[in-house]
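Read the structure below first, then the notes.
Residue numbers begin at 1 in each chain, while the letters A, B, ... track the order of the sequences. FYI, side chains are in, hydrogens and waters are out, and symmetry mates aren't considered; it's all heavy atoms of this structure.
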Amino acid sequence: MKISEIVDAVNAEVLCCKDKLSDEVFSACAADMMSDVLAFVKDQAVLVTGLCNPQVIRTAEMMDIRCVLLVRNKRPDAVILELAETKGIVVLSSRHRMFIACGLLYTAGLSGGEHCV
Amino acid sequence: MSGENCVRLEFNVSSENFASAGSASEAVKTRLKLLGINSRDVRRVAIAMYEGEINMVIHAKGGKATVEIYNDRVEIILADRGPGIADIDVAMKEGYSTAPEDIRALGFGAGMGLPNMKKNTDEMRIESNAGVGTTIYMTVKLT
């Protein structure tokens, strides 16, 4: 699905890289521990997280993640957004909690990639 | 090995600002991409080095990272003057971590770093002495 469809599914606000909303993504992962993202994520292009610090963007960059969806209405500061802009990573913010956001995205057709570790 | 073409990169990893942790790994990833190395190999190097860089910032107040890019492999050396690893076998177990609670709040310290570094490299060797520091040697073969 297009990143713009994610925006619609979780009623998100687009915080940077608006020019990439028509990019296609196929699967997502969700975690608050970046250690787990680094250890278990394979080719998921979307990261759903409640963590909000620059290491979220750096982790996304290392894993070739194209879109970070912040849940629970987390608001990144200018440093985080600047880093994301440099790396071309779309940052979204939604008021939904993690479980609901994941459910809405799954229902909308976004897969989780591999089922089990 | 003499006669081999090699690109050598060196970084001082500072622990003064957690926000900047990972900048060396980011620079290496960018360089590898520019050299046309395939994305799977680039990601393996990036993950292994980033985990190591984060460890240096969390546990050792920074250190020095050296990366040598050869035609067939990437060699990474991460050297710090931190407290050392008391028991390397225990530290290699998934889930074992000595990271303080404030580091977990930043999204790290799940005890996955060292095992993940091993998983993403073809060779990994740890030299560590209590009170002297730790040096980690990693090799990723390019496919």
Side-chain angles (χ1 to χ4, degrees), chain A residues 16 23 25-27 29-66 68-72 74-89 91 98 113-114 116-117, chain B residues 13 15 17-33 37-55 57-58 92-99 101-121 140:
Chain A
C16 80
D23 285 8
V25 290
F26 300 99
S27 62
C29 57
D32 282 350
M33 287 297 280
M34 294 303 104
S35 296
D36 284 339
V37 176
L38 289 163
F40 296 114
V41 169
K42 299 273 192 248
D43 285 309
Q44 290 88 335
V46 180
L47 168 62
V48 185
T49 185
L51 192 70
C52 188
N53 67 40
Q55 298 309 328
V56 173
I57 306 300
R58 287 200 198 280
T59 300
E61 157 73 359
M62 298 303 158
M63 304 306 289
D64 300 314
I65 286 166
R66 309 314 313 152
V68 172
L69 169 61
L70 300 170
V71 293
R72 305 192 288 273
K74 293 290 169 78
R75 315 299 292 188
D77 62 18
V79 173
I80 298 173
L81 289 178
E82 199 175 309
L83 188 60
E85 190 79 50
T86 310
K87 297 296 164 193
I89 296 170
V91 179
M98 175 82 94
E114 292 176 5
C116 301
V117 293
Chain B
V13 177
S15 67
N17 181 4
F18 187 76
S20 69
S23 52
S25 307
E26 198 181 301
V28 168
K29 185 174 185 190
T30 302
R31 188 64 174 266
L32 293 175
K33 280 203 272 190
I37 291 165
N38 77 64
S39 58
R40 177 182 171 273
D41 291 345
V42 171
R43 197 191 298 182
R44 291 183 79 207
V45 172
I47 293 171
M49 188 170 166
Y50 183 51
E51 292 272 25
E53 202 181 339
I54 291 284
N55 274 349
V57 172
I58 294 173
M92 286 301 297
K93 286 184 181 161
E94 287 188 5
Y96 177 83
S97 176
T98 57
E101 198 54 42
D102 60 331
I103 293 300
R104 287 171 199 258
L106 292 168
F108 293 91
M112 299 303 294
L114 285 174
N116 202 25
M117 287 158 74
K118 189 172 177 62
K119 192 174 88 183
N120 282 286
T121 53
V140 174

Quick one: does any side-chain atom of [X] pair with a main-chain N or O of [Y] as donor and acceptor, under 3.5 Å?
X: A/Ser35; Y: B/Met112; result: no
X: B/Glu53; Y: B/Ser25; result: yes
X: B/Asn120; Y: B/Ala48; result: no

Between A/Asp32 and A/Arg72, is the closest basic N to carboxylate O distance under 4.0 Å?
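Salt bridge between A/Arg72 and A/Asp32, a charged N being under 4.0 Å from a carboxylate O: yes.
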Pick one of side chain, backbone, both or neither for B/Tyr50, based on which atoms fall under 4.5 Å of a heavy atom in chain A.
side chain
Contacting region of B/Glu94 [heavy-atom separation from chain A under 4.5 Å]
neither
Chain B contact via [X] - side chain, backbone, both or neither, heavy atoms under 4.5 Å:
X: A/Leu83; value: side chain
X: A/Thr49; value: neither
X: A/Asp36; value: side chain
X: A/Leu38; value: both

Nearest 0.5 Å, what's the CD1-CZ distance between B/Ile54 and B/Phe18?
4.5 Å
Pairs of heavy atoms under 4.5 Å with chain B: top-ranked of A/Ile80, A/Ile57, A/Thr59:
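Max contact count across the listed options: A/Thr59.
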Heavy atoms only, distances under 4.5 angstrom: which of A/Glu61, A/Met34, A/Gln55 has the most pairs with chain B? Name it, please.
A/Gln55
Where do A/Gln44 and A/Lys42 land on the side-chain contact (heavy atoms from CB on, under 4.5 Å) test, with the steps shown first?
CA-CA 6 Å; A/Gln44 290 88 335; A/Lys42 299 273 192 248; 3.9 Å; yes
Looking at B/Gly109, B/Pro115, B/Ser23, B/Ala105, which makes the most heavy-atom pairs under 4.5 Å with chain A?
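Result: the option with the highest number of such pairs is B/Ser23.
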Tabulate, in ascending numerical order, the residues of residues 40-47 of chain B having at least one heavy atom closer than 4.5 Å to a heavy atom of chain A, or enter 'none'.
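Only B/Arg43, B/Ala46, B/Ile47 of residues 40-47 of chain B have a heavy atom under 4.5 Å from chain A.
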Could you tell me whether B/Lys118 atom NZ has more than 12 heavy atoms of other residues or ligands within 6.0 Å of it?
no
Any pair counted as salt bridge (Lys or Arg N to Asp or Glu O under 4.0 Å), so long as it reaches residues 102-114 of chain B, sequence neighbours left out
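Every pair satisfying salt bridge (Lys or Arg N to Asp or Glu O under 4.0 Å) with a residue in residues 102-114 of chain B: there are none.
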The side chain to side chain donor-acceptor pair (under 3.5 Å) partners of A/Asp77 (sequence neighbours excluded) come to none
Contacts of A/Arg75 that satisfy side chain to side chain donor-acceptor pair (under 3.5 Å) - sequence neighbours left out:
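Partners of A/Arg75 by the side chain to side chain donor-acceptor pair (under 3.5 Å) criterion, ordered by chain and then number, come out as A/Glu13, A/Asn73, A/Ser93.
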